[in-house]
There are 2 protein chains.
Amino acid sequence: MKSTATALQTAEDSADTGAQQIRDAIRDAIVERRLSPGTKLSENDVGNLFNVSRTLARAALQALSYEGLVSVEKNRGAFVAYPSPEEARQIFAARRLVEPGILREAAARISPSQIQHLKQLLLEEGRLMSERGQTARRAEIKASGDFHLTLAAISGNAIMQRFMDELVARSSLVIALYGQSTISSCGHSEHGDIVAAIERNDLDEACRLMLHHIAHIEADLDLRERKSVGLKEAFEL
Amino acid sequence: MKSTATALQTAEDSADTGAQQIRDAIRDAIVERRLSPGTKLSENDVGNLFNVSRTLARAALQALSYEGLVSVEKNRGAFVAYPSPEEARQIFAARRLVEPGILREAAARISPSQIQHLKQLLLEEGRLMSERGQTARRAEIKASGDFHLTLAAISGNAIMQRFMDELVARSSLVIALYGQSTISSCGHSEHGDIVAAIERNDLDEACRLMLHHIAHIEADLDLRERKSVGLKEAFEL
DNA sequence: GACGGCTAAATTGTATACGATATTTTGCAC
DNA sequence: GTGCAAAATATCGTATACAATTTAGCCGTC
């Protein structure tokens, strides 16, 4: 349990309160799949883990619920979100809807140094792919999402960036739940293809590749009701 | 001041807490422009207004800050958001990015009864336009946004619907701040044109009209820095 | 042995209390 | 009268306390 606590404390100050740090720490834990969907996050436990009162723990959980990463049930508590197949479909539908547009925006304003940055991301991603171990796996998951997030950042639209933050994080949950192949890294080369298309200014092709890429990720899912897996409804645990 | 208090108490239960009601009440007040950008929303005042403790008031303000309708400054308090011109541009850029996609999704699954519903909305909107008075104006503002929100609802994607909720609400703030013409109702007929295009299944045209419509709204804005207008920096309250 | 209700423990919902930070006011020197 | 410094005030940040609801355990009855 303490493992999650040590992996954080990343010290931010621009936020309004210390609850932000807790939120970010828990979010990272969810996105990196150290916390499984359905896991109960009681306010007391969270507070103790971070050595703060329930007030802050609660605020952090509330924040996460707005992002769709945690679902809070009245008088019952907070749980790591357990997206339904329908939710999963909607998440990817949303991505198909917005990512081509973001890509176009990004391509229109991208600078050479930003292209370089993207390529470096790809390199890092590839390096992680070849490594073994849990930590490498987690870093790879994060890196894979970072590609899409960086594109959103380059687009220069903070609102779309925040939205993509949410979509990528929730995608990670969906993949954790419904993903079939060991890792979604199969799509790594597709990232490279997209960057290449951007570089030669072939936006239509880049968008096509992006849609294909998203469809590829989605195709790896087995979207069938797995209700109550990991929840106490399954075995009374 | 009490006027805002009377306009609410709409009783929800599906949410996790009573803070939701307060949040919705304040959001309505902001969207209907009873609360001006920059207005201070102190936790004490909000709590007293709704006869709850600061705890709930704070939770509601936090929630609104996640939606971008309220900005909380550390150790200074919460204020009705005062979107910068750049933020305004990004909000409308986001709308241009997602609304055509939402429109296509909605058109693909729309039922005759839903078309009827849309037309009824238009009628209501037109009726409000011809009326006089503050209440009619406010209702009109809300109705105008409801058109876009209804389209998002028809699309069947809850995530995009929530996103549009946020965008429409923030648009209302932007228009309140930078709008030039007395009311943005100039675009009402455009709503009708869009529905007509959907009805005859001319999606390309519908999307074109939608983009045109959004551009129209944006063109009515005067996006120049108006810093501190309405804030105490202007005349010391 | 299974079911139903009752009590006790745990957990969340909300309020209050206290400390920290920012803002305003006051007072004094210049 | 102006400007700065320090106290007073107001407001936010966080913790703790109490009430309400849910959950779990227990026991008696069928």
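Every chain is numbered from 1, with letters handed out A, B, ... down the list of sequences.
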Requested in this report: Could I get the full list of ring-ring contact (aromatic ring centres under 6.0 Å, His included) partners for Phe147(B), not counting sequence neighbours?
Outcome: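 Once residues adjacent in sequence are excluded, the partners of Phe147(B) under the ring-ring contact (aromatic ring centres under 6.0 Å, His included) criterion are His191(B).
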Rounded distance (Å) that lies between atom [atom2] of [N] and atom [atom1] of [X]:
X: Lys74(A); N: dT23(D); atom1: NZ; atom2: P; result: 14 Å
X: Phe50(B); N: dT14(C); atom1: CZ; atom2: P; result: 14 Å
X: Glu73(A); N: dA20(D); atom1: CD; atom2: P; result: 23 Å

Query raised in the report: Run the side chain to side chain contact (heavy atoms under 4.5 Å, CB included) check on Phe163(A) and Ile159(B) step by step: do they pass?
Result: CA-CA 10 Å; Phe163(A) 189 44; Ile159(B) 293 163; 4.0 Å; yes
Look only at the side chain of [X] and the backbone of [Y], and say whether a donor-acceptor pair between them is shorter than 3.5 Å.
X: Thr150(A); Y: Asp146(A); answer: yes
X: Asn157(A); Y: Gln90(B); answer: yes
X: Ser111(A); Y: Gln114(A); answer: yes

**Report entry** Sole candidate of His213(A), Arg95(A), Arg96(A), Arg89(A) that passes side-chain hydrogen bond (donor to acceptor under 3.5 Å, both in side chains) when paired with Glu218(A)
**Finding:**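 Checked His213(A), Arg95(A), Arg96(A), Arg89(A) against Glu218(A); only one passes side-chain hydrogen bond (donor to acceptor under 3.5 Å, both in side chains): Arg96(A).
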Output one line per pair: protein atom, nucleotide atom from nucleotides 15-19 of chain C, and distance, for all N/O pairs under 3.5 Å.
unit_1, atom_1, unit_2, atom_2, d
dA15(C), OP2, Ser53(B), N, 2.9
dA15(C), OP2, Ser53(B), OG, 2.9
dA15(C), N7, Thr55(B), OG1, 2.9
dT16(C), O4, Thr55(B), OG1, 3.4

Give each protein N/O atom lying under 3.5 Å from an N/O atom of nucleotides 7-11 of chain D, with the pair distance.
none

Query raised in the report: Below 4.5 Å, heavy atoms only, C-beta onward: do Ile154(B) and Ile102(B) meet side chain to side chain?
Result: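 No, too far: nothing below the 4.5 Å cut-off.
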Query raised in the report: Roughly how far, to the nearest 0.5 Å, is OG of Ser171(B) from CD1 of Ile141(B)?
Result: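 Here the rounded value is 12.5 Å.
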